[in-house]
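Report on the structure given below.
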Amino acid sequence: MKNKLTKRLADSRGEKVITKKQFIWESVNDEHFTGNVSLMNIFETDTRWEIKREDGKEVCILGNGYKWLGVYPDNETYAITALYDDKNELVEFYFDMTKENGVYNGKPYIVDIYLDLVITPENEKIVLDEDELQDALDQNILGKEEFDLAYKTLDRVQEKYSTQSDVNNLKSIMQNYLDDMLVKIKDSDIILKEGTM
């Protein structure tokens, strides 16, 4: 079977609708993570992304002024994106299950294996894209080993962040990264989507 999984760069998420942004990243090695942290500061988008939670509540995950903070741990098979609104309030944690994390062409990347998990600030857990994972297996885009890895990683992440205290701790860690990156991003260039200048 030929594996067809590809690298996804940290600044490529949302690229079809984000028209004006800043992006920075740096390596980290602290008591929380060893790996890479990135920040996408989103100035303008063509459209807002709104989703409906299981309780019927409408939640915006992308809009003008939003910030996406990514953490890409070394030697792990998941990556975390913390989504913040235009007031820097946490909207959700979005976990991608990955085959690998690394740096390519000067930017963090993941090899995404489809399965995702959302954890809200209130510790609601929402598993996403199980159908896409199954389709990828059926179409030989990934193998059984990667299919099983996705679910093993999902179980591990859910266990790691099983309590409200765990989620609050992650929220505090990510807030510290966000504050640090917001200071550093002030000197970065603003990137306009091609064709918008």
Side-chain angles (χ1 to χ4, degrees), residues 8 10-11 13-14 17-18 21-26 28 30-45 47-73 76-98 101 108 110 112-130 132-133 150-185:
R8 189 180 77 209
D11 65 340
R13 178 168 267 166
V17 297
I18 295 171
K21 68 183 180 185
Q22 290 171 300
F23 176 82
I24 62 168
W25 72 276
E26 65 180 8
V28 295
D30 58 30
E31 66 270 30
H32 308 299
F33 294 102
T34 298
N36 301 294
V37 176
S38 70
L39 178 64
M40 193 184 306
N41 191 13
I42 301 160
F43 290 96
E44 293 177 5
T45 68
T47 183
R48 286 167 60 90
W49 284 356
E50 295 187 351
I51 57 170
K52 186 175 282 190
R53 299 271 193 237
E54 291 179 359
D55 62 4
K57 181 181 176 185
E58 293 272 351
V59 177
C60 180
I61 58 171
L62 173 64
N64 294 343
Y66 275 54
K67 294 161 188 74
W68 288 356
L69 180 77
V71 172
Y72 307 86
E76 267 297 357
T77 52
Y78 67 86
I80 310 169
T81 304
L83 284 65
Y84 296 90
D85 66 16
D86 54 356
K87 298 178 178 65
N88 293 344
E89 294 291 327
L90 179 68
V91 177
E92 67 181 29
F93 295 114
Y94 193 101
F95 290 78
D96 288 285
M97 309 306 129
T98 67
N101 305 332
I110 63 171
D112 188 0
I113 48 177
Y114 295 90
L115 194 62
D116 302 310
L117 173 70
V118 168
I119 302 180
T120 70
E122 300 78 30
N123 199 20
E124 178 187 3
K125 293 182 173 66
I126 306 158
V127 178
L128 301 173
D129 299 334
E130 288 185 277
E132 289 186 20
L133 178 65
Y151 276 107
K152 286 177 186 173
T153 304
L154 175 68
D155 290 344
R156 203 157 41 81
V157 169
Q158 288 182 311
E159 167 107 16
K160 184 171 184 177
Y161 300 106
S162 60
T163 69
Q164 186 64 57
S165 176
D166 297 330
V167 174
N168 289 345
N169 186 48
L170 180 60
K171 184 177 178 181
S172 175
I173 292 166
M174 298 297 260
Q175 184 66 53
N176 288 337
Y177 286 148
L178 177 65
D179 293 343
D180 181 57
M181 298 292 271
L182 283 174
V183 171
K184 294 174 180 174
I185 206 168

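Among residues two or more places apart in sequence or in another chain, the side chain to side chain contact (heavy atoms under 4.5 Å, CB included) test is passed with K160 by Y78. Residues satisfying the side chain to side chain contact (heavy atoms under 4.5 Å, CB included) criterion with E31, sequence neighbours excluded, are absent altogether. Every residue two or more places apart in sequence or in another chain that forms a side chain to side chain contact (heavy atoms under 4.5 Å, CB included) with E44 is listed here: T19, K20, N64. Every residue meeting the side chain to side chain contact (heavy atoms under 4.5 Å, CB included) condition with K52, not counting sequence neighbours, appears here in chain and number order: E58. Residues that satisfy the ring-ring contact (aromatic ring centres under 6.0 Å, His included) test with F43, not counting sequence neighbours, are absent from this structure. With sequence neighbours excluded, the residues that form a ring-ring contact (aromatic ring centres under 6.0 Å, His included) with Y161 are F95.
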**OP:** Go through the steps for V71 and I173 under the test side chain to side chain contact (heavy atoms under 4.5 Å, CB included), then give the verdict.
**Re:** CA-CA 11 Å; V71 172; I173 292 166; over 6 Å; no
**OP:** Could you check L90 against M174 for side chain to side chain contact (heavy atoms under 4.5 Å, CB included), going step by step and ending with a plain yes or no?
**Re:** CA-CA 9 Å; L90 179 68; M174 298 297 260; over 6 Å; no
**OP:** Under the side chain to side chain contact (heavy atoms under 4.5 Å, CB included) rule, what do E26 and I24 come out as? Steps first, then yes or no, please.
**Re:** CA-CA 7 Å; E26 65 180 8; I24 62 168; over 6 Å; no
Subject >> K152/D155 under side chain to side chain contact (heavy atoms under 4.5 Å, CB included): CA gap, chis, key distance, verdict >> reply: CA-CA 5 Å; K152 286 177 186 173; D155 290 344; 5.7 Å; no
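The side-chain heavy atoms of K171 and F93, taken from C-beta on, include a pair separated by under 4.5 Å. Annotation: side chain of R53 is in contact with side chain of V118 (closest heavy-atom distance under 4.5 Å). Between Q175 and Y84 the shortest side-chain heavy-atom distance falls below 4.5 Å. Considering only heavy atoms from C-beta on, I51 comes within 4.5 Å of E92 through its side chain. In this structure the side chain of P108 never reaches within 4.5 angstrom of the side chain of N101, judged on heavy atoms. Considering only heavy atoms from C-beta on, L62 comes within 4.5 Å of I18 through its side chain.
Nearest heavy-atom pair across L178 and L39 is CD1-CD1, 3.8 Å. Heavy atoms only, all atoms of each residue included: D180 and K184 are closest at OD2-NZ, 3.0 Å. What you find for Y72 and A79 is that their closest heavy atoms are CD2-CB, 3.8 Å. Across all non-hydrogen atoms, the minimal contact from E159 to S162 is O-OG, 3.3 Å.
Side chain to side chain, N168 and S165 fail the donor-acceptor criterion of an N or O pair below 3.5 Å. In this model, a donor atom of one side chain and an acceptor atom of the other lie less than 3.5 Å apart for K125 and N123. Side chains of R156 and T77: a donor on one and an acceptor on the other come within 3.5 Å.
Using cut-offs of 30° and 60° on the angle between ring planes, the pair Y177 and F33 is tilted.
When the options V127, D116, L133 are evaluated for a side chain to side chain contact (heavy atoms under 4.5 Å, CB included) with L154, the one that passes is V127.
Within the model, atoms CE of M97 and OH of Y151 stand 10.5 Å from one another, a figure rounded to the nearest 0.5 Å. Here D129 contributes atom CG and Y114 contributes atom OH; the two are 10.0 Å apart, rounded to the nearest 0.5 Å. Taking OG1 from T81 and NZ from K67, the interatomic distance works out to 15.5 Å, rounded to the nearest 0.5 Å. Here the CE atom belonging to M181 is positioned 7.5 Å from the CZ atom belonging to F23, to the nearest 0.5 angstrom. Rounded to the nearest 0.5 Å, atoms CD (E76) and CD1 (I110) are 13.0 Å apart. Here the CG-CG distance, from L128 to L117, works out to 7.5 Å after rounding to the nearest 0.5 Å.
With salt bridges taken as basic N to acidic carboxylate O contacts below 4.0 Å, none links E89 and K87. A salt bridge links D96 to R13: one of the charged nitrogens lies within less than 4.0 Å of a carboxylate oxygen.
Of the possible donor and acceptor atoms, none in the side chain of W68 sits under 3.5 Å from a partner among the backbone N and O of S38.
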